[in-house]
Visitor: 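Can you read through this structure? Questions will come right after.
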Amino acid sequence: MTSPLGKDLLALEPLTPEQIGLILDTAEPFKEISERAIKKVPTLRGSTIVNLFFEPSTRTRISFEFAEKRLSADTVNVGASGSSVSKGETLVDTARNLEAMRIDMVVIRHGASGAAQFLAERIESNVINAGDGTHEHPTQGLLDLLTLRDHFGDLRGLRVCIVGDVLHSRVARSNIWGLQKMGADVAVCGPRSLLPNAIAEFGITVFDRIEAAMEWAQALNVLRLQLERMTAGYIPSLREYNRVFGVTRERLERVDHDVLILHPGPMNRGVEIDSDVADGPQSVILNQVTNGVAVRMAVLYLLAGGRPELAETAKSTPGGDR
Ligand code: CP
């Protein structure tokens, strides 16, 4: 069956607003499955999915695994250590050997930008990008969109500011593409050293002061400072960063409207975000994590060729509520 998304999900940049809307709408009925006592439907029974995680991950890896298991797929997890990658085997050889065992899909996280596309062009299985270098993290972008849509009802005209280390962030790129395609008004805020030189080409607003960004925004998506990717002195110190750009309760209290707080995780508490904001009433950070499972179920389902109306019937198919 042909998928309405094509063979792979590699990025949000090439998707149409209709395709993004379809994924978000398809995720809605899948939310309910995770609320059941027995969280399983037979939708992908017989499919085999390999999760290739060559970089550390908590949320994305476990969320994909839950999504796959809740759709009754058979899953295998492969990491760099413990596989023949540690002996020098190439990514393509690893994937082709897995394909020889008759798999259907590969979910890949990799430190190199473009790794997911490179693989997708060389294997027949569906490929889902679970984050590649500083390029894109499309399912994170989608779950952020779903969380914003849950709260505000409509993404059109919504003012969203992405705060912090945009330079190293695949989450920022997927959010910028996804939000713009869905009609939101997008801004970024951070030290110029952590904004890409080409930020102007995105056609978005740039704030140099966090106070001004908070005044403008209805939602802030606060990014982690990716210290492991910083090869130079991008900021004077973590303390200085928190003093100038930190999302703190004192700053939020000075704004005359509520600002929704998102963070893709993992958080550097006390650096880009203070604990009383992360755990406070305006935070939807754990709602993002919950929505991640539904979004990934929707992506797996649609790539397998599912029609959106079948996602509804997945709830009532035989075994659907067992
Ligand atoms: N948001 C995100 O990608 O988190 P992990 O690195 O834990 O998967």
Side-chain angles (χ1 to χ4, degrees), residues 9-13 23-24 27 34 49-70 75 77-81 105-116 127-148 150 160 162-179 188 194 219-230 247 260-269 271-273 277-279 283-300:
L9 178 70
L10 304 177
L12 296 192
E13 182 182 0
I23 298 169
L24 301 184
S34 295
I49 304 177
V50 175
N51 301 310
L52 274 181
F53 276 71
F54 293 154
E55 263 195 346
S57 168
T58 300
R59 278 146 291 270
T60 313
R61 183 175 56 81
I62 295 171
S63 177
F64 265 112
E65 206 175 333
F66 277 142
E68 292 154 5
K69 289 186 190 309
R70 287 175 194 180
T75 67
N77 298 317
V78 180
S81 68
M105 291 193 199
V106 175
V107 177
I108 178 169
R109 168 166 290 195
H110 202 285
S113 302
V127 175
I128 301 174
N129 180 7
D132 62 328
T134 58
H135 171 229
E136 278 220 36
H137 190 348
T139 56
Q140 178 70 45
L142 289 163
L143 73 89
D144 292 344
L145 293 179
L146 186 62
T147 307
L148 288 166
D150 283 350
V160 183
I162 300 163
V163 181
D165 186 0
V166 179
L167 181 67
H168 299 101
S169 178
R170 52 199 177 206
V171 175
R173 278 166 192 74
S174 288
N175 264 269
I176 292 169
W177 287 117
L179 286 164
V188 293
L194 290 178
L220 296 182
N221 200 343
V222 187
L223 302 174
R224 181 172 71 88
L225 279 190
Q226 300 201 26
L227 302 170
E228 75 280 12
R229 293 191 205 274
M230 292 190 188
V247 178
L260 199 73
I261 302 295
L262 297 91
H263 191 303
M267 289 184 274
N268 296 308
R269 288 175 182 261
V271 181
E272 71 266 3
I273 189 166
V277 174
D279 304 328
S283 167
V284 287
I285 293 170
L286 292 178
N287 305 51
Q288 290 172 266
V289 178
T290 305
N291 277 341
V293 178
V295 155
R296 289 172 178 124
M297 288 170 85
V299 168
L300 292 164

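The structure displayed is predicted, hence computed values, not measured ones. Whatever order the structure lists them in is the order used to number ligands and atoms, beginning at 1. Numbers here are sequence positions counted from 1.
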Visitor: How far is atom 6 (O) of ligand 1 from its nearest protein heavy atom, and which residue and atom is that?
Guide: R109 NH1, 2.8 Å
Visitor: Pick one: which of V166, L223, L225 meets side chain to side chain contact (heavy atoms under 4.5 Å, CB included) with L194?
Guide: L225
Visitor: Any salt bridge between D279 and R269, counting N to O under 4.0 Å?
Guide: yes
Visitor: Can you tell me how far apart CG (L24) and CG (L146) are? Round to the nearest 0.5 Å.
Guide: 5.5 Å
Visitor: Nearest protein heavy atom to atom 4 (O) of ligand 1, by residue and atom, and its distance?
Guide: R59 NE, 3.1 Å
Visitor: Among all protein heavy atoms in this structure, tell me which lies nearest to atom 7 (O) of ligand 1, with the distance rounded to 0.1 Å.
Guide: T58 N, 2.8 Å
Visitor: Considering the heavy atoms of G265, write down every atom of ligand 1 situated less than 4.0 Å from one of them.
Guide: 1 (N), 2 (C), 4 (O)
Visitor: Out of N221, T290, N291, N287, which residue meets the side chain to side chain donor-acceptor pair (under 3.5 Å) rule with T147?
Guide: N291
Visitor: I want to know if ligand 1 touches R61 in the polar sense, i.e. an N/O pair below 3.5 angstrom.
Guide: no
Visitor: Considering only non-hydrogen protein atoms, determine which one is nearest to atom 1 (N) of ligand 1 and report residue, atom name and distance to 0.1 Å.
Guide: P264 O, 2.8 Å
Visitor: For H137 and R109, does a side-chain donor sit closer than 3.5 Å to a side-chain acceptor?
Guide: yes
Visitor: As an exercise, identify every atom of ligand 1 less than 4.0 angstrom from a heavy atom of H137.
Guide: 2 (C), 3 (O)
Visitor: Can you tell me which residue and heavy atom of the protein come closest to atom 2 (C) of ligand 1, and the distance to 0.1 Å?
Guide: T60 OG1, 3.5 Å
Visitor: Indicate yes or no: does R170 engage E55 in a salt bridge with an N to O separation below 4.0 Å.
Guide: yes
